[in-house]
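Naming: A, B, ... by sequence-line order, numbering from 1 per chain.
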Amino acid sequence: MSQQGLDLIFEQILSGGLVFRDRNLLRHDYMPATLPHREEQIRRLGSVLAPALSRERVSNLFAYGKTGTGKTIVTRFVLDRLQRKAKDHGRAVDTSYVNCRLAGTNYRVIADLCRALGEDVPFTGLAVGELFDRLRNALQSRESAFLVVLDEIDALVKRSDDDSLLYELTRINERLDGGWIGVIGISNDLHFKDFLDPRVLSSLGEEELVFKPYSSEELYDILKDRAEQAFQEGVLDDGALRLCSALAAGEHGDARRALDLLRVAGEIGERAKEERILESHVRMAQQKVEHDRVTEVLSSLPLHSRILLISVLHLESARKESSVTGDVYEVYRGLCSAAAVEPLTQRRISGLLNELDIMGIINARVVSFGRYGRTKKIRLGVEPQAVKSAFGNDELVRGLLEYAPRGLPGHQGR
DNA sequence: TGTCCACTGGAAGGGAGGGCTT
DNA sequence: AAGCCCTCCCTTCCAGTGGACA
């Protein structure tokens, strides 16, 4: 491309481009001035948290609903307004937002909370009890209200199979006479409550807030609101907007998904130098969004999961039917020895297969063959081509893609 | 009706890699 | 440096299981 051509692209982007006026409005972390169809939840959450302004303790709250139903943005929205109000009136309200799935462990969640209060803590090494002490001391010395948002709180409980963190957090106020802590738990698993200790549940679930999936019409309103400012006038076809809403509504009313589709559709049109964004662009966007998700997940897989996935791939291309755990494990061991890698045990592989299943990369189903035992039937859940291209950069694994394990077709499936 | 297969999945624990306090 | 305590990733052990078969 000539330097002039490149210059032109940059200029176009700087002037907002032919398609977009401001594409950032279509990102899901963008905070709009209003949140359509969530007035009820905003009011409820606002009234639960309002006492914080006068330093009174607030009830803990538990918000649940599926992904993209506005839980996170509503919470952030209300906290943001609350903090502004507090500032106007010279009151101190500290807030912290932690995504428990990203944080990963109890330790890291509390460490994040400590840091939000200005307490410097190491990323590992301390006893959890010690961290709690530090958190308590920080709260005590600040004498402020501390509102904590624990997003994807279910990940924490399920992973560590231990809700002591939540128990301690909800009880921390009992031993404080200066500041206090209010917990807002967010979960997209509606059955999450079943995992909780009744004591935690009664304390955390003092208030409950439910986020229903958006309907297609509601999504349309949300998208229209943002699209009007995000796109240049007259660029976006109304049919494209309707299709985005309908597709996302089909996927449990996910606003995040709808915004992604719209943004990617715009970008596809922009790159093709189209003057209008039509339904066809949304269809292409849908494919691209899915492809990107798979590629991202695949490229973040650790070595053994990669070898395992290649084993499934080999079996599937050799047989055209689903394989069982034992067969997959055998091929996996073969590949490991070809790559001079120490294989993991079958128990561990069984766990990895479950993980791949949850991610949607394979489909695994427990079946019984009666006299011939009980096992998992395993099929690849993504396009073989996607696996090959995602692993293309991995020298070690790329060799295994070409490697033909011995005795594959002769080994009959049942 | 009992047996038996090929696993599944829970539980416990080891050890590597890390940091803290004394 | 020693003694703790943490997480992460893994192994070992083993009870449990659905359903075809004798």
Side-chain angles (χ1 to χ4, degrees), chain A residues 98-115 119-138 150 152-153 155-169 191 194-197 297 300-309 311-312 315 319 321-337 339-359 361-379 396-397 407 411-414:
Chain A
V98 183
N99 184 306
C100 301
R101 192 175 48 79
L102 295 182
T105 61
N106 284 355
Y107 184 97
R108 276 185 261 179
V109 171
I110 312 166
D112 275 357
L113 299 183
C114 287
R115 285 188 205 109
E119 191 79 6
D120 201 22
V121 290
F123 67 93
T124 175
L126 289 184
V128 171
E130 164 68 18
L131 272 191
F132 260 113
D133 288 344
R134 292 195 186 187
L135 179 64
R136 202 175 288 124
N137 292 340
L150 299 178
E152 301 196 54
I153 195 170
L156 206 58
V157 176
K158 280 184 209 155
R159 194 177 309 185
S160 59
D161 199 26
D162 158 24
D163 46 18
S164 61
L165 165 79
L166 299 180
Y167 182 69
E168 290 292 332
L169 265 185
H191 300 292
D194 306 343
F195 293 91
L196 285 181
D197 185 293
V297 172
S300 66
L301 287 181
L303 177 66
H304 285 281
S305 299
R306 290 180 180 219
I307 300 178
L308 192 55
L309 195 55
S311 312
V312 177
L315 276 167
R319 288 207 199 129
E321 59 181 282
S322 46
S323 359
V324 297
T325 308
D327 298 344
V328 174
Y329 187 64
E330 216 167 289
V331 174
Y332 160 83
R333 283 186 70 103
L335 292 182
C336 279
S337 84
V341 172
E342 191 68 26
L344 302 176
T345 57
Q346 185 158 344
R347 174 70 188 86
R348 180 68 190 129
I349 289 305
S350 177
L352 289 183
L353 285 172
N354 283 345
E355 285 174 24
L356 291 175
D357 184 25
I358 289 168
M359 290 185 242
I361 298 175
I362 62 169
N363 297 313
R365 190 164 51 94
V366 178
V367 289
S368 173
F369 293 110
R371 191 155 174 48
Y372 302 105
R374 209 166 161 254
T375 182
K376 266 204 273 271
K377 269 197 165 186
I378 296 154
R379 297 219 68 159
L396 180 69
V397 170
H411 198 100
Q412 280 304 310
R414 283 173 293 259

S.K.: What's the CG-P distance between A:L353 and B:dT8, to the nearest Å?
M.R.: 8 Å
S.K.: Applying side chain to side chain donor-acceptor pair (under 3.5 Å), can you list everything that pairs with A:N354, at least two apart in sequence or on another chain?
M.R.: A:K376
S.K.: Nearest to the side chain of A:V366, which nucleotide is it out of B:dT8, B:dT21, B:dC7?
M.R.: B:dT8
S.K.: Would you check if A:L344 and A:L352 make a side-chain contact, meaning some heavy-atom pair closer than 4.5 Å?
M.R.: yes
S.K.: Considering non-hydrogen atoms only, spot the tightest contact between A:S305 and A:L356 and give its length.
M.R.: O-CD1, 4.3 Å
S.K.: Would you kindly give the CZ-to-P distance between A:R365 and B:dC7, to the nearest whole Å?
M.R.: 16 Å
S.K.: Can you check nucleotides 18-22 of chain C for protein contacts, nitrogen or oxygen pairs under 3.5 Å, and list what you find?
M.R.:
| residue | atom | partner | partner atom | Å |
| --- | --- | --- | --- | --- |
| C:dG18 | N2 | A:G370 | O | 2.9 |
| C:dG18 | N3 | A:S368 | OG | 3.0 |
| C:dG19 | O4' | A:S368 | OG | 3.2 |
| C:dG19 | N2 | A:G370 | O | 2.8 |
| C:dG19 | N2 | A:R371 | N | 3.4 |
| C:dA20 | O4' | A:R371 | N | 3.3 |

S.K.: Within the structure, does a side-chain N or O atom of A:K376 lie under 4.0 Å from either OP1 or OP2 of B:dG9?
M.R.: yes
S.K.: Return the minimal non-hydrogen interatomic distance between A:K377 and A:V367, and the atom names on each side.
M.R.: CG-CG2, 3.6 Å
S.K.: Considering residues at least two apart in sequence or located in another chain, which fulfil the salt bridge (charged side-chain N to carboxylate O under 4.0 Å, His left out) criterion with A:R371?
M.R.: none
S.K.: Among all residues two or more places apart in sequence or in another chain, which pass the side chain to side chain contact (heavy atoms under 4.5 Å, CB included) test with A:T345?
M.R.: A:R347, A:R348
S.K.: Does A:N354 make a side-chain N or O approach to OP1 or OP2 of B:dG9 shorter than 4.0 Å?
M.R.: yes
S.K.: Name all residues meeting the salt bridge (charged side-chain N to carboxylate O under 4.0 Å, His left out) criterion together with A:R134; count only those two or more places apart in sequence or in a different chain, and write none if there are none.
M.R.: A:E130
S.K.: Test your reading of the model: is there a side-chain donor-acceptor pair from A:R374 to the backbone of A:V366, 3.5 Å cut-off?
M.R.: no
S.K.: Where do N or O atoms of nucleotides 10-14 of chain C meet protein N or O atoms at under 3.5 Å, pair by pair?
M.R.:
| residue | atom | partner | partner atom | Å |
| --- | --- | --- | --- | --- |
| C:dC10 | OP2 | A:R348 | NE | 3.1 |
| C:dC10 | OP2 | A:R348 | NH2 | 2.9 |
| C:dT11 | OP1 | A:T345 | N | 3.2 |
| C:dT11 | OP2 | A:T345 | N | 3.2 |
| C:dT11 | OP2 | A:T345 | OG1 | 2.9 |

